[in-house]
Visitor: 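One structure, as structure tokens, below. Some questions next.
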Amino acid sequence: MKHNSEVVGYRKSITINRIFSDRHNWDVFKFKHKGSLREVEVVEVEKMLFCQDKMSGYFVFHCPKCDLDKVVHLGCNSRVCTHCGKHFTDRWADMVAKGMLNVVHRHCVFTIPSVLWPLFKKNRGLLKKLIDCCIRAVAKMFARKMGKDIKPGVVAVLHTFGKDMKFNAHVHCLVTEGGVQENGAWIDINFFPFELLRKYWQYEVLTMLKENLPDTEENRALIDAQFIEHKEGFYVRAVDRIKSKRELVRYIGRYIRHPAIAESRIDEYNGKNVIFHYTDNLDVIRKVVMTVEEFITAIIGHIPDKQFK
């Protein structure tokens, strides 16, 4: 791909805001897709476009000694604004970490087969239920392993995106390596039975889908096939251990809650295409080329519905 000097000149500061606003990209996209856009997508993008602008509001601080004014613009708090998102994530990570027990936690990633992703993209109400499935699977695993009523601590965060920005619904969890009994006593657990956890996770997800999807022959066949094709359960990764609250704050902000793509991964933008990279599971750097329309579609597709927590 060839680039002129003007494109290369601003390549160092490629932002999502700039890609959306450059050449009226968002206005064109919105007009073209006005019949299919969710209201929350329009609201969140347009808040981002006015971030740090006079229309977003501002404070003026005046120094009586030197007679100088300092204008501080208000943030937009948009779901797609990387500028405000970083501040929000830092505050959220600190708040969550303060409420967590100072014990060892395990980072668990609960995934589902790719054939199920379209169901959750089309039926976004199922996404909250996916998190609930995760919580129930963890609770059942603890109860089965400990053989007693024990309550673990869990922070669960939904991700709808993969590294390549495609829709990929999965749940990141921080789970305490142990739990509390009804009498308040703490019991440690330093071994997670992965086989058990995977099968509980699979059962919860597929049972939930069976209860919430229309009872059609196609849906029944799809769900039954997932039991047959994944006899060991759905994949769960639970390797990383976080041993202190200081690590928790960093870990939560970096791995648990983050945007669909960091602007540092956007390598090029030439007005027509966006090129970004990611590192796959084999530590190989992959390049992805998207048209501006494809990039905008990918970004806004990961905006959660209003009031989704």
Visitor: Describe, in one word, how the ring planes of Phe192 and Phe142 are oriented to each other, choosing from parallel (under 30°), tilted (30 to 60°) and perpendicular (over 60°).
Guide: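 Rings of Phe192 and Phe142: perpendicular, over 60°.
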
Visitor: Is there side-chain contact between Phe276 and Met165, with heavy atoms separated by less than 4.5 Å?
Guide: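 They are in side-chain contact.
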
Visitor: Would you please test Asn17 and Val80 for side chain to side chain contact (heavy atoms under 4.5 Å, CB included) and show each step?
Guide: CA-CA 9 Å; Asn17 193 318; Val80 289; over 6 Å; no

Visitor: With a 4.0 Å cut-off on N to O distance, would you call Lys129 and Glu211 a salt bridge?
Guide: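 No, this pair does not count.
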
Visitor: Between the side chain of Arg265 and the main-chain N/O of His277, is any donor-acceptor distance below 3.5 Å?
Guide: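 Checking the backbone N and O of His277 against the side chain of Arg265, a donor-acceptor pair under 3.5 Å is found.
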
Visitor: Any pair with a residue in residues 114-127 that passes side-chain hydrogen bond (donor to acceptor under 3.5 Å, both in side chains), sequence neighbours left out, goes on the list, sorted by first then second residue, please.
Guide: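 For residues 114-127, and leaving out neighbouring residues, the side-chain hydrogen bond (donor to acceptor under 3.5 Å, both in side chains) pairs sorted by first residue read Trp117-Asn168.
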
Visitor: Looking only at atom types and distance, does a side-chain atom of Lys128 sit under 3.5 Å from a main-chain N or O of Phe308, one as donor and one as acceptor?
Guide: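 A pair under 3.5 Å: no.
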
Visitor: Between Thr160 and Phe167 (side chain of the first, backbone of the second, donor and acceptor by atom type, cut-off under 3.5 Å), is there such a pair?
Guide: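 Here the side-chain-to-backbone pair does not exist.
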
Visitor: May I have all residue pairs that pass side-chain hydrogen bond (donor to acceptor under 3.5 Å, both in side chains) and include part of residues 233-243, sequence neighbours excluded?
Guide: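 Matches after skipping sequence neighbours: Glu177-Arg241, Arg237-Asp240, Asp240-Tyr251.
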
Visitor: Does the side chain of Trp201 reach to within under 4.5 Å of the side chain of Cys134, using non-hydrogen atoms?
Guide: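 When only atoms from C-beta onward are counted, Cys134 and Trp201 do touch, with a gap below 4.5 Å.
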
Visitor: Does Asn212 reach the main-chain N or O of Leu209 with its side chain, forming a donor-acceptor pair under 3.5 Å?
Guide: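 Judged by distance alone, no pair lies under 3.5 Å.
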
Visitor: Determine, for Tyr269 and Arg18, whether the Lys NZ or Arg CZ falls below 6.0 Å from the six-membered ring centre while staying within 45 degrees of the axis.
Guide: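 Relative to the ring axis of Tyr269, which defines the angle, Arg18 lies outside at least one limit.
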
Visitor: Linking I/L/V/M/F/W/Y whenever their side-chain heavy atoms sit closer than 4.5 Å, directly or via other members, would Val180 and Val138 fall into one cluster?
Guide: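 No, because Val180 and Val138 fall into different hydrophobic clusters, even though each may have its own neighbours under 4.5 Å.
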
Visitor: Let me check something: do Val155 and Val104 share a hydrophobic cluster, defined by ILVMFWY side-chain heavy atoms less than 4.5 Å apart, either directly or through other members?
Guide: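 No, because Val155 and Val104 fall into different hydrophobic clusters, even though each may have its own neighbours under 4.5 Å.
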
Visitor: What about Val109 and Val171, same hydrophobic cluster or not, with Ile/Leu/Val/Met/Phe/Trp/Tyr joined at side-chain heavy-atom distances under 4.5 Å?
Guide: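 Hydrophobic grouping puts Val109 apart from Val171.
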
Visitor: Using the side-chain contact (heavy atoms from CB on, under 4.5 Å) rule, pick out the option among Val154, Ile242, Val96 that qualifies with Leu174.
Guide: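 Looking at Val154, Ile242, Val96, the match for Leu174 under the side-chain contact (heavy atoms from CB on, under 4.5 Å) is Ile242.
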
Visitor: Just by distance, with hydrogens left out, do His33 and Glu293 show a side-chain donor and acceptor under 3.5 Å apart?
Guide: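 Side-chain D/A pair, His33 to Glu293: present.
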
Visitor: Under 30°, 30 to 60°, or over 60°: which ring-plane class applies to Phe191 and Phe194, parallel, tilted or perpendicular?
Guide: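 The rings of Phe191 and Phe194 stand perpendicular, inter-plane angle above 60°.
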
Visitor: Are more than 12 heavy atoms from other residues, nucleotides or ligands located less than 6.0 Å from atom NE2 of His24?
Guide: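 No, the 6.0 Å shell around NE2 holds no more than 12 heavy atoms from other groups.
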
Visitor: Could you check Glu263 against Ile16 for side chain to side chain contact (heavy atoms under 4.5 Å, CB included), going step by step and ending with a plain yes or no?
Guide: CA-CA 7 Å; Glu263 289 176 342; Ile16 292 174; 3.8 Å; yes

Visitor: Under a 4.5 Å cut-off applied to non-hydrogen side-chain atoms, are Val60 and Lys70 in contact?
Guide: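 The answer is no, as the side chains (C-beta and beyond) never meet within the 4.5 Å cut-off.
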
Visitor: Will you find, in the side chains of Gln181 and Trp186, an N or O donor that is under 3.5 Å from an N or O acceptor?
Guide: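 Result is no, nothing qualifies.
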
Visitor: Looking at Cys108 and Val175, what are the two nearest heavy atoms and their distance?
Guide: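 Shortest heavy-atom separation between Cys108 and Val175 comes out as SG-CG2, 4.0 Å.
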
Visitor: Within the supplied structure, the quantity of interest is the number of heavy atoms (other residues, nucleotides, ligands) at a distance under 6.0 Å from Asn183 CG; does it exceed 12?
Guide: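 Atom CG in Asn183 is crowded, with more than 12 foreign heavy atoms closer than 6.0 Å.
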
Visitor: Are any non-hydrogen side-chain atoms of Phe161 and Ile261 less than 4.5 angstrom apart?
Guide: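 Not touching, per the 4.5 Å side-chain cut-off.
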
Visitor: Can you find a pair of side-chain heavy atoms, one from His172 and one from His107, that are under 4.5 Å apart?
Guide: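 Sidechains of His107 and His172: in contact.
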
Visitor: Test side chain to side chain contact (heavy atoms under 4.5 Å, CB included) on Val205 and Phe234 and set out the steps.
Guide: CA-CA 9 Å; Val205 171; Phe234 291 165; 4.1 Å; yes

Visitor: Should Glu195 and Arg198 count as an ion pair when the cut-off is N to O under 4.0 Å?
Guide: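 Salt bridge between Glu195 and Arg198, a charged N being under 4.0 Å from a carboxylate O: no.
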
Visitor: Counting only heavy atoms from other residues, nucleotides and ligands, does the tally under 6.0 Å from NZ of Lys145 exceed 12?
Guide: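 More than 12 heavy atoms, drawn from other residues, nucleotides or ligands, come within 6.0 Å of this atom.
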
Visitor: Can you measure from CG (Leu49) to CZ (Phe20) and round to the nearest 0.5 angstrom?
Guide: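 Reported to 0.5 Å precision, the distance equals 7.5 Å.
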
Visitor: Given Glu204, which of Arg136, Lys199, Lys210 fulfils the salt bridge (Lys or Arg N to Asp or Glu O under 4.0 Å) condition?
Guide: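 Of all the options given, the one that passes is Arg136.
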
Visitor: Measuring from Asp67:CG to Lys65:NZ, what's the distance to the nearest 0.5 Å?
Guide: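 Interatomic distance, Asp67 CG to Lys65 NZ, rounded to 0.5 Å: 13.5 Å.
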
Visitor: Do Lys30 and Leu37 touch side chain to side chain, with heavy atoms closer than 4.5 Å?
Guide: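 Side chain of Lys30 against side chain of Leu37, heavy atoms only: contact under 4.5 Å found.
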
Visitor: Report the distance from atom CG of Leu119 to atom CD1 of Ile112, rounding to the nearest 0.5 Å.
Guide: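 Between Leu119 CG and Ile112 CD1, I get 8.0 Å after rounding to 0.5 Å.
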
Visitor: Taking C-beta and beyond as the side chain, do Leu158 and Phe120 meet within less than 4.5 Å on heavy atoms?
Guide: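 Counting from C-beta outward, Leu158 and Phe120 never come under 4.5 Å.
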
Visitor: Of all heavy-atom pairs between Val274 and Ile266, which one has the smallest distance, and what is that distance?
Guide: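 Shortest heavy-atom contact: CG1-CG2, 3.9 Å.
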
Visitor: More than 12 heavy atoms of other residues, nucleotides or ligands under 6.0 Å from OH of Tyr203: is that the case?
Guide: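 For Tyr203, atom OH is not crowded (no more than 12 foreign heavy atoms under 6.0 Å).
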
Visitor: Minimum heavy-atom separation for Leu126 to Met208, with atom names?
Guide: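 Residues Leu126 and Met208, closest heavy atoms: CD2-SD, 3.9 Å.
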
Visitor: Are the side chains of Gln226 and Leu222 in touch, meaning some heavy atoms are under 4.5 Å apart?
Guide: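 Yes, their side chains come closer than 4.5 Å.
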
Visitor: With no hydrogens and no angle check, do the side chains of His105 and Thr176 hold a donor and an acceptor under 3.5 Å apart?
Guide: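 The criterion, which ignores hydrogens and geometry beyond distance, is not satisfied for Thr176 and His105.
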
Visitor: Find the distance between OG (Ser264) and CD1 (Ile14) and round it off to the nearest 0.5 Å.
Guide: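 So the OG of Ser264 and the CD1 of Ile14 are separated by 11.5 Å.
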
Visitor: So, for Val292 and Gly271, which heavy atoms are closest and what is the spacing to 0.1 Å?
Guide: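 It is CG2-O, 3.7 Å.
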
Visitor: Show your working on side chain to side chain contact (heavy atoms under 4.5 Å, CB included) between Val43 and Glu41 and close with a plain yes or no.
Guide: CA-CA 6 Å; Val43 170; Glu41 292 172 339; over 6 Å; no

Visitor: Aromatic rings His170 and His159: how do their planes relate, parallel, tilted or perpendicular, breaks at 30° and 60°?
Guide: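 His170 vs His159 ring planes: perpendicular.
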
Visitor: Considering all heavy atoms of both residues, which atom of Arg106 and which atom of Ala238 are nearest to each other, and what is their separation?
Guide: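 Looks like NH1-O, 2.9 Å.
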
Visitor: Identify the two heavy atoms, one from Gly301 and one from Arg38, that lie closest to each other, and give their separation to 0.1 Å.
Guide: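 Nearest heavy atoms, Gly301 then Arg38: O-NH2, 4.0 Å.
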
Visitor: Do you reckon Phe227 sits in the same ILVMFWY cluster as Val115, going by side-chain contacts under 4.5 Å, direct or chained?
Guide: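 In one cluster: yes.
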
Visitor: Kindly say whether Asn273 contributes a backbone atom to a donor-acceptor pair with the side chain of Asn270 at under 3.5 angstrom?
Guide: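 Yes.
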
Visitor: According to a hydrophobic-cluster definition based on side-chain heavy atoms being under 4.5 Å apart (Ile, Leu, Val, Met, Phe, Trp, Tyr only), do Val103 and Leu248 belong together?
Guide: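 No, separate clusters.
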
Visitor: Ion pair present between Asp215 and Arg220, side-chain N to carboxylate O less than 4.0 angstrom?
Guide: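 Salt bridge flag = yes for Arg220 with Asp215.
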
Visitor: Roughly how far apart are Phe110 CZ and Ile135 CD1, rounded to 0.5 Å?
Guide: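 The distance works out to 8.0 Å.
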
Visitor: Supply the atom-to-atom distance Ile299 CD1 to Ile19 CD1, rounded to the nearest 0.5 angstrom.
Guide: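 Here the rounded value is 8.0 Å.
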
